[in-house]
Amino acid sequence: QVQLVESGGGLVQPGGSLRLSCAASGFTLDYHAIGWFRQAPGKEREGVSCIDNSDGSTYYADSVKGRFTISRDNAKNTVYLQMSSLKPQDTAIYYCARTIDGMEVAGLWSVVQIYDYWGQGTQVTVSS
């Protein structure tokens, strides 16, 4: 059965770093792109980053470019989100999600509807 499990969240001071992990099971990363989303209280879920399965292309929201890095380890079936220079506005629940089989993500990576399985989320709080 398909499962995505996020970990690595926590409380960090502004300017600090965290690495989130998304462990996948029940399928292989070779056939699905993985996206990271976040949702702050009272706000809509927004795309943060995505890594394509076909060529490893990566995509980022403008708000995190230069600060966040997405990567994957196919041997461990895990996707990572390295977050640096964290700001209070990065505070949110972070989710990873799997794209629908065969989905081309270019231009669509931040659209929630192209993802069919989601993890339970991990809380990231940036505060002094």
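Just so it is clear, the structure is predicted and the values come from calculations on it, not from any experiment. For the single chain, residues carry numbers from 1 onward in sequence order.
- Of all non-hydrogen atoms in Ser17 and Ser85, the two that sit nearest each other are OG-N, 4.4 Å.
- Atom CZ of residue Arg72 and atom OG1 of residue Thr78 lie 12.5 Å apart, to the nearest 0.5 angstrom.
- One hydrophobic cluster holds both Ile34 and Val2 under the rule that ILVMFWY side chains link at heavy-atom gaps under 4.5 Å.
- In this structure a side-chain-to-backbone donor-acceptor pair under 3.5 Å is missing from Arg98 to Tyr117.
- Residues Met83 and Val124 are in side-chain contact: their nearest non-hydrogen atoms beyond the backbone lie under 4.5 Å apart.
- Clustering ILVMFWY residues whenever any of their side-chain heavy atoms sit less than 4.5 angstrom apart, transitively, puts Val64 in the very cluster that holds Trp36.
- With contacts defined as side-chain heavy-atom distances shorter than 4.5 Å, the pair Asn53/Asp30 does not qualify.
- Placement of Tyr60 and Tyr115 in two distinct hydrophobic clusters is found when ILVMFWY residues are connected by side-chain heavy-atom separations under 4.5 Å, directly or transitively.
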Task: Evaluation steps, salt bridge (charged side-chain N to carboxylate O under 4.0 Å, His left out), between Asp62 and Lys65 - done: CA-CA 5 Å; Asp62 288 343; Lys65 273 181 187 173; 3.2 Å; yes
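- Between the side chain of Glu6 and the backbone N or O of Leu20, no donor-acceptor pair lies under 3.5 Å.
- In the displayed structure, Gln89 atom CD is contacted under 6.0 Å by more than 12 heavy atoms of other residues, nucleotides or ligands.
- The structure places OG1 of Thr99 at 12.0 Å from CD1 of Ile51, a figure rounded to the nearest 0.5 Å.
- A donor-acceptor pair under 3.5 Å is formed between the side chain of Thr122 and the backbone N or O of Gly9.
- Here Phe68 contributes atom CZ and Leu81 contributes atom CG; the two are 6.0 Å apart, rounded to the nearest 0.5 Å.
- Rounding to the nearest 0.5 Å places CD of Gln82 at 9.5 Å from OG of Ser21.
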Open item on the list: Pair Trp109, Ser57 - check side-chain contact (heavy atoms from CB on, under 4.5 Å), show working.
Closed with: CA-CA 11 Å; Trp109 71 268; Ser57 295; over 6 Å; no
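- When every heavy atom of Arg67 is checked against every heavy atom of Leu86, the shortest pair comes out as NH1-CA, 3.9 Å.
- Aromatic pair Trp118/Phe37: centroids less than 6.0 angstrom apart.
- For the pair Asp52 (side chain) and Ala33 (backbone), a donor-acceptor distance under 3.5 Å is absent.
- Connection of Ile93 to Val112 is established within a shared hydrophobic cluster, with ILVMFWY side chains joined at heavy-atom distances below 4.5 Å, either directly or through further cluster members.
- Distance alone, capped at 3.5 Å, is enough to place a donor-acceptor pair between the Thr91 side chain and the Val126 backbone.
- Ring pair Phe27/His32 is perpendicular by interplanar angle, where above 60° counts as perpendicular and below 30° as parallel.
- Linking Ile, Leu, Val, Met, Phe, Trp and Tyr whenever their side-chain heavy atoms come within less than 4.5 Å leaves Tyr31 and Leu29 in two separate clusters.
- With a 4.5 Å cut-off on side-chain heavy atoms, Ser110 and Cys50 do not count as touching.
- Counting only heavy atoms from C-beta outward, the side chains of Ser127 and Leu11 approach each other to under 4.5 Å.
- Atom CD of Glu104 sits about 6.5 Å away from atom OG of Ser54, to the nearest 0.5 Å.
- Remark: Ile70 CD1 to Tyr59 OH distance equals 11.0 Å, nearest 0.5 Å.
- In this structure the side chain of Tyr95 never reaches within 4.5 angstrom of the side chain of Leu4, judged on heavy atoms.
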